[in-house]
Every structure is written in structure tokens, then in C-alpha cells.
Engineer: 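Below: one structure in C-alpha cells.
The structure presented is a predicted model; accordingly, all values stated were derived computationally and were not measured. Note that ligands are numbered from 1 as they come in the structure, with each ligand's atoms numbered from 1 the same way. Side chains included, hydrogens not; waters and symmetry mates left out as well; all remaining heavy atoms used.
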Amino acid sequence: MTERFAHVALPLPLFEPYSYRVPETIADRVVPGARVVVPVRRRELVGIVVATNAEAPAVAAREVLAAPDPEPVLSAALLRTAEWIAGYYGAPLGVTLRAMLPAPLWGESQLVLRATGHWSGRLGGLAEQLRDWVEEKQSVTLAAASRHFKRPLWEVADRLARVGAVELVLLPAGTEAGIAVERRVELGEERLTLVERDRTFARRPRQRRLYETLEQLGGSAPLGHLHKELGFTAAVVRGLVDSGLARTVELERSRDPFAGLAGTPPPERLTGEQQSVVEALASQLPATGSLLFGVTGSGKTLVYLEAVRRALDMGQGAIILVPEIGLTPQMVNRVRGMFGDAVAVLHSGLSDGERADAWRALRRGERKVAVGARSAIFAPVQQLGVIVVDEEHEASYKNGEAPRYHAREVALVRARLEAARYILGSATPSLESFARTAGGSTALLSLPRRIDDRPLPPVELIDLRSAPLIKTGHAVPWSEALESALFGVLSRREQAILLLNRRGYAAFLQCPECGLVPECPDCSVALTYHRVPPGMRCHYCGKHYPVPARCSNCGNAVQRVRGIGTQQLEELVAARCPGARLARMDLDTTSARWSHHRILEKIDRGEVDILLGTQMIAKGMDFPNVTLVGVVDADTALHLPDFRAAERTYQLLAQVAGRAGRGPKGGKVLVQTRSPEHPALAFAARHDTEGFLAHEARARKDPPYPPETSLVNVVLSAEQERQATDLAIEVAGWLEKLIASQNVPLTLLGPAPCPLTRIKKRWRWHVLLKGPVEELGRVVRYAAPRLEGRGKARVVLDRDPVSLL
Ligand code: ADP
Ligand code: ZN
């Protein structure tokens, strides 16, 4: 028998897997995708087998200790998805796998033995002793069992698990070895008469006592209660069960907080337009996908649900991704309304245990549809038939830490590997997805009209340079037009939404006369104004410019610094509309669990007149009584030093405008701006998404930005400013040499300070790499293991960044 070795990925930042010898007794379970317990220095860690072979590693290998999974936790397709992510984004495989699996399933875990209540056959010796001991304790760690029996028990435990006499479970360190399912003993339907009892239990008084105790307890009781509180031994319970008078049952303790909520029933019939989109989707080959480009309120959700239903009819499963589950309770309710208990909702409010439960239910095929935010793309849905990515343009699909994957891109890869279809949906598609439809790799399907042919609300731009303004004593711009529209809404007892995206971290300069914002001539992003020392700086290429004495466009001598210090809109609105009931929704007001739901419910019940907040109010809400949407300052996002600033602004305007006029009363949108001629605003005012996409695609050709080219943002940070700067210069030099020696057509920009110069006490610099996707990929794969981890300074490779702030 040749020796076998397993390569095991551990949840550590290691670019190479470790090798372990595989004991013959567990060899059949040590297969790719399976979890194993292995020694790492003085600890025991859970890792994932990524490969096995007969080649002995260079250093003497230690042994795999245990293999608790009868079936690998990760399917071959998910393992290959992980490998793709690790390669593409330059992340260690173990770290990637850690992001894919719920925390309780691995890491520094403890192996727990649980009673199963299946005691078929005699086992003999130590195995039987261990089984009985576990039966009494119900749940013990393997370590505790080893101490009790004073010897290692890996092999015995493994044998017991195989015959089903105990269950081997991995739990995260530090958690209670508690059980999510409750095992109960329950009597059969028929009760014995007293005569029958005397006969049946003649020599078994303790079983009779158990029988009668159960009877008094209403016919059933938790097994643990019988053992611990009432003192019945495992042998007594087993005797009663073996005689057929009782049975053990497992009841899952339901822990899903969404479980109690009733879903929203779906509309009865598809419209003709929805029907033809659904037919087009159904006619596609597996492993292909579509971009569903449908205006706000066009009924995209029902199309997704219908596509999912068809997959279920064919015995397949589905994943539905939403940007942030907390922000989309309406979507979740619709999915539940259609598929009920087939749905597992994966959301951030779940505890580790609940997440693991949902994961297992999907893995076992008990649930067929997973709904969740970006990490739900890893849900172990069986026979995956379709992946839906709703609001595919949303930046929250990008993971902010290693592995820095984009869930939409992972969806495409996973769909290909599992021969599933994908549907990307949006009213404002990303340039990346739209470009794919031109290339033909993704089909373009559209829903150009709202349900019932309701018109999209008229969007009116209020030019703050010329419109009559009200002096309020606040820095927030406040036009007469906006105020009178607001008063109108209040007098008609309708509702209004006011958006102020206060992400004003970077200050820019703007001419109050003509609205010009100075940009970097090389990078086409707004220059950032620095107070000390005074100057204008490009946060992409790092070049400095003097603060202009007058506007280069109109010659006006006064230049205004904008983008910082916007005062609380809430204060202003409260002062202007004293009788109105306000609700504010932003990160500060919604951090508590379910607080977001509570605000939305109040709006639904008509207890709020004006909702104000940041971009989170722009998403997915469907309130028919909202007849006015006001964008207080459209320019904050427009002049952020980011090449996506225009795209984001367009998306935000179109999405927030989509909240108005969803009911029969109609509605309108007012947008205050100093840049009404900016394409993002001009196209948004006309609801011309295609026009904007075409315009923006042209703008990204020169200088090239995605999707014209591909990007990696290399971010360097350290607590000492000097360290960050030095590292940035060193890494930029190293990358420059690498590019030159490999003779690859890549451009390097920087080093420059990041627009957000300091986050969490760390100074941040960055270097931008641009170029064709394959060449960039090669550089990432080469550089990632060589650049990361340099003591206190940190290097982060962010491939396909969604933000360069
Ligand atoms: P989108 O996601 O495209 O913005 P929704 O899916 O939220 O649009 O649909 C907008 C509204 O139209 C919802 O209130 C929805 O219930 C309703 N709706 C969708 N499809 C139909 C249909 N076939 N019949 C009647 N109402 C529908
Ligand atoms: Zn520049």
C-alpha cells in the first residue's frame, strides 16, 4: 500500500498549502473539498483538502488527525471557484476558503461527539464504552473524552461515526457544544392498559417508570432532560426504544428570524413584456447569461422569481443575490411569498450557528433557494440552475477584505463551472456588464416600461447658480423650488424623500459662477484641495498644481471649497417644516439590528412625512405614496476623485428618482446642482440610461479606464506616515522594474496619497496598475505572495477596484 499525502489549505495567510500524511483508516474521506483536522505547531486546526497524491513532500509530514465529513463540505465546483478567486484576486487559497464557508464550519475548532440514538448492533470494548458515555452526556468534546478514557480516541471516534453510533461535529473553539437540533423521546400512539403494563414491564421496573414519566410529560420529553434531570440512563432509554414502545425524534430548533415573517404573495400574472423576457431566458443554453435591463418599477423581481420557479420545476436550485439584505426586506418577502420554506435567507443578522444551519440545509438539499448578500454566492445550493444578481451595478458586491472578490464576477465563473444560467438585473447597469452584452457573451434583455405603463417621474434640475435660494444660515443649499414642492407634499398628506449623500471626504474647488471644477489633465478626476500646504493635488498620479487665483473658464475671482462640512440636513428641514414628521436613515441611525426595518415600516404605515438620508434610501423601496424626491446636492458624489464618480452619480439619481411616482398619484424629482450640464445629470433628467452608458463608455477610452482597460489598485498603509510613503516608493519601484523586465504593456500611476489619506490611524498611499486583463493577472499572481505581509506596513492588491478612495 503506497502512502498518500493530502494538501490542506488552512485558514491562514499562506500562499502554499501544507502537506499531511493520510492514515489508511480515514483515507476514503480525505478527498478534495473535505474538512480535516490537522496539527499546526501546537494547535489543531480544521483545514480543507485541496488535493491528494502519492508524492512525499520535502519535509517529513505529520498525520491528518480526523476527517469528520462523510461527504466533502465543498463540491468540486465550489473548490474550483475558490481556486479561481485565489488566482484572479491574488489571495491565499486558505483565506479564500475561509470567506466561503461559515465560520463555525472551520478554523480553530473543536471536534465534538454527539449522541445519535441509533444503537444498532454490538460494538464491544472501548467503542461501546465511548458510545454509552456519549449517549449519557449527549454531547462531549473529543478532548474531554480522551481525558476521561485516558487515551487518544481519534480512531475509535471515527469508527463509531461511520456506523452511525455517534455524530462527529466540528464546532468553533469557545462555543458551547450545544445542539441546534433537539432530540426527544416520544411514546407511540397507542397507550398500554394497566394489565399490559404489568406483563410488559414485569422485569423492567425502570423502563416502566420511564414510560409513565413520559406519559405524564405529555407523551414526549427531551432526551437530555431525561438523562440529566431525571436520571434515566442510556441503557434504560435504549431498552424502551428497542421494545418498540417509544422512539427518538429530532426536532430542529428553528432559529431563522425571518422564519416568522409571512411573505408577500406574487402578482397573479406576468405582463406580456415580462412573459417574453421569461421565455427568452428559458430558451438560453445552460452556462450562459443575460443582463436584464429594466427601468425602476418595471417588474424585474417577478421575472427573477419566474426564472427561479422554472429551475425548481426541473429539480434545480437557485441563488438570488441582493446588495444588502437589511436594505431589501421587500425583496426577501417576495421570494418567501413565492417559495416559502424552500428558501434559506442568509443575512448578517444571523448568528454563527444559524448561518451554519442554513448552510447545512442547503447542502443537504432541504432548501433549494438561497437569498443573501455577496457571500451567498458561495451557498452550497445543490444542482444549481440559476444565479440572479439583483442591482448588479452595486458596489457592495465587492468584498472589502481579502479575498477582494466581486460577487457578480464570481457568479459568472460559478455559473460556467456548474452549467447554470445567470441573470444580472439593473435599471442602471454597470459599464462592465453593458460592455459584455456588446461583446455577445451576455444577452441583453430589457423591460423599458413600468408596470401599468406608469410614467417615470419628471426630473427637474435646479441650477443652484441661478435659481432663487433661501438664506437658511446652513451650508446645505436650499432653493425656493424645493421648499415649495415640499410644502405641497405636506399639505396633500403625501410623502417625500430627501437625499443628501454626505460622503464629502475629499474637498474640491468649484467656481460659484460657472460651476467649473478643476480636474487633473492626465487623469480626468477632480483635483483635491489641500489646505496645508495650500495646493491642488491629483490623487491618482500624485501631481501637484497651484490653487488657481481665478476660474480658468470664466475668470471669476472667487473660488469655493466644497465637499466638506455639509451640515445636518435634518436640522434644516426640522426648522423649515416644523410640523412634519421626519425620519433619518443613514449608517448612524440604522446600525442596530432591524432598525432599518422599523423605519421602513413606519413609512409604510404613513407615520413619516419626510424621509431623509444617504444613498441607502435610494434602494429598492416601493412606496406608492412617495410623490416627491429631492436631491439636495447632486454634486457631492460627482466630484469625488474617482473615475466612477459620474457613473455613481447617474446611478444614484436614477435609483432615487425610481422611488417617486410608483403609485397612481404620480410624482416628481427635483435635483439641486451647480453642474446641470454634466452628462450624469443631463442624461438622468431625461431617463436616458443608454445615452449615458454610451457617453461614459467613450469617456473611459481616453485616458483608459474599465471596461476599456483593467485596473489593480495597490494600497500601502502604515501607522507612521513616513513608513507608508517609503513603502509606496519602494513598491512602485519594484513594480516598475517587474513591468520593464517582463516587457508587458502595463501602465503604472503614482505613487500618490489615497484620497482618504488616513483611515483608522493608518496613512494610505496607492499605486495604480492599468492594462490588459491577462497581463495584469500575471503580475498579480507573481506579486501577491511577494508583496504581502511586511511587518507593520501593509500592502493590499485590490483588483478591479470599485472605488479608488
Ligand atoms: P423593479 O424591481 O423592476 O423596480 P418591481 O419588481 O419592484 O420592479 O415591481 C414594481 C411593482 O410592480 C411592484 O409593486 C410589483 O408588485 C408590481 N408588479 C410587478 N409585476 C407585476 C404584474 N405582472 N402584475 C401586477 N403588478 C406587478
Ligand atoms: Zn493625475
Side-chain angles (χ1 to χ4, degrees), residues 262-282 290-310 318 320-325 327-339 371 373 386 388-394 397 423-430 433 444-457 459 495 497 600-601 603-604 615-627 629 650-667 669 684 687 689-690:
T264 313
E268 276 174 21
R269 276 184 300 129
L270 295 168
T271 63
E273 287 186 346
Q274 286 171 327
Q275 185 69 38
S276 50
V277 168
V278 167
E279 294 306 331
L281 287 168
S290 314
L291 172 64
L292 175 56
F293 177 16
V295 298
T296 53
S298 60
K300 293 185 288 297
T301 311
L302 194 58
V303 170
Y304 305 148
L305 296 184
E306 193 56 31
V308 169
R309 198 167 63 136
R310 291 185 178 212
I320 302 175
L321 295 185
V322 293
E324 277 161 86
I325 198 111
L327 299 188
T328 44
Q330 291 179 329
M331 174 70 158
V332 172
N333 282 340
R334 286 176 194 174
V335 179
R336 290 189 67 106
M338 189 111 152
F339 305 115
V371 186
V386 60
V388 174
V389 185
D390 187 27
E391 310 289 1
E392 61 85 24
H393 61 278
E394 279 285 335
Y397 282 126
I423 306 172
L424 314 176
S426 178
T428 53
S430 63
S433 296
L444 180 61
L445 301 172
S446 52
L447 288 171
R449 273 183 292 276
R450 280 187 162 180
I451 293 287
D452 293 342
D453 236 338
R454 273 183 203 133
L456 285 163
V459 176
Q495 292 168 302
I497 289 179
L600 293 181
E601 277 163 16
I603 301 167
D604 210 17
Q615 83 270 8
M616 67 167 67
I617 66 175
K619 293 177 187 162
M621 291 187 261
D622 193 14
F623 296 117
N625 202 34
V626 171
T627 56
V629 166
Y650 182 87
Q651 287 166 349
L652 187 61
L653 291 175
Q655 296 287 345
V656 76
R659 302 312 119 213
R662 292 175 81 94
K665 288 180 205 156
V669 184
H687 298 291
T689 304
E690 270 162 284

Engineer: Which protein heavy atom lies closest to atom 23 (N) of ligand 1, and at what distance to 0.1 Å?
Structural biologist: Arg269 O, 2.5 Å

Engineer: For atom 7 (O) of ligand 1, what's the nearest protein heavy atom and its distance?
Structural biologist: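 Answer for atom 7 (O) of ligand 1: Arg334 NH1, 2.9 Å.
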
Engineer: Any atoms of ligand 1 less than 4.0 Å from a non-hydrogen atom of Val295? List them with their elements.
Structural biologist: 3 (O)

Engineer: Just jot down the ligand 1 atoms closer than 4.0 angstrom to any heavy atom of Thr296, in number order.
Structural biologist: 4 (O)

Engineer: I need the atoms of ligand 1 closer than 4.0 Å to a non-hydrogen atom of Leu270, numbered in the order shown.
Structural biologist: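 Those of ligand 1 that fall under 4.0 Å from Leu270 are 23 (N).
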
Engineer: Would you mind running through ligand 1 and noting each atom that sits below 4.0 Å from a heavy atom of Thr271?
Structural biologist: 23 (N)

Engineer: In sequence, state the C-alpha distance, the side-chain angles, and the governing distance for Tyr304 and Val335, and then conclude on side-chain contact (heavy atoms from CB on, under 4.5 Å).
Structural biologist: CA-CA 9 Å; Tyr304 305 148; Val335 179; over 6 Å; no

Engineer: Just go through Ser298, Pro265, Pro267 and tell me whose heavy atom is the nearest to atom 25 (C) of ligand 1.
Structural biologist: Pro267

Engineer: If you count heavy atoms of other groups shown closer than 6.0 angstrom to CZ of Arg450, is the number above 12?
Structural biologist: yes

Engineer: Kindly check if the number of other-residue, nucleotide or ligand heavy atoms within 6.0 Å of CD (Glu279) is above 12?
Structural biologist: yes

Engineer: Decide yes or no for Met331 and Ile320: does some side-chain heavy atom of the first lie under 4.5 Å from some side-chain heavy atom of the second?
Structural biologist: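 Yes, side chains in contact.
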
Engineer: Which protein non-hydrogen atom lies closest to atom 17 (C) of ligand 1, naming both residue and atom, and how far is it?
Structural biologist: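 Heavy-atom neighbour on the protein nearest atom 17 (C) of ligand 1: Ile451 CG1, 4.2 Å.
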
Engineer: Can a donor-acceptor pair be found between the side chains of Ser430 and Glu392 at a distance below 3.5 Å?
Structural biologist: yes

Engineer: Ignoring hydrogens and geometry, is there a side-chain-to-backbone donor-acceptor pair from Gln274 to Gly299 under 3.5 Å?
Structural biologist: yes

Engineer: With backbone taken as N, CA, C and O and side chain as the heavy atoms from C-beta onward, which portion of Gln655 lies under 4.0 Å from ligand 1: side chain, backbone, both, or neither?
Structural biologist: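 For Gln655, there is no contact with ligand 1 at all, from either part.
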
Engineer: Treating Tyr650 as the side-chain partner and Thr689 as the backbone partner, does any N or O pair qualify as donor plus acceptor under 3.5 Å?
Structural biologist: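 Indeed, once roles are kept as given, a pair shorter than 3.5 Å links the two residues.
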
Engineer: Taking Tyr397 for its side chain and Val389 for its backbone only, find out whether a donor-acceptor pair lies under 3.5 Å.
Structural biologist: no

Engineer: Could you tell me whether the side chain of His393 and the main chain of Ala427 form a donor-acceptor pair under 3.5 Å?
Structural biologist: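 No: the side chain of His393 does not pair with the backbone of Ala427.
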
Engineer: Around atom 8 (O) of ligand 1, find the nearest protein heavy atom and jot down its residue, atom name and distance.
Structural biologist: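 Sorting protein heavy atoms by distance from atom 8 (O) of ligand 1 puts Gly299 N, 3.1 Å first.
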
Engineer: Tell me which protein heavy atom sits closest to atom 3 (O) of ligand 1, plus the residue, atom name and distance to 0.1 Å.
Structural biologist: Lys300 NZ, 2.8 Å

Engineer: Which protein non-hydrogen atom lies closest to atom 13 (C) of ligand 1, naming both residue and atom, and how far is it?
Structural biologist: Asp622 OD2, 3.3 Å

Engineer: Under 4.0 Å from a heavy atom of Leu302: give me the atoms of ligand 1 that qualify, with their elements.
Structural biologist: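 This gives 20 (N), 23 (N) as the contact atoms.
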
Engineer: Please write down residue, atom name and distance for the protein heavy atom closest to atom 20 (N) of ligand 1.
Structural biologist: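 Looking only at protein heavy atoms, the one closest to atom 20 (N) of ligand 1 is Gln274 NE2, 3.0 Å.
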
Engineer: Got the closest protein heavy atom to atom 6 (O) of ligand 1, with its distance?
Structural biologist: Thr301 OG1, 2.8 Å

Engineer: Tell me if a side-chain donor or acceptor on Gln495 pairs with a main-chain N or O of Ile603 at a distance below 3.5 Å.
Structural biologist: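 Side chain of Gln495 to backbone of Ile603: a pair is present.
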
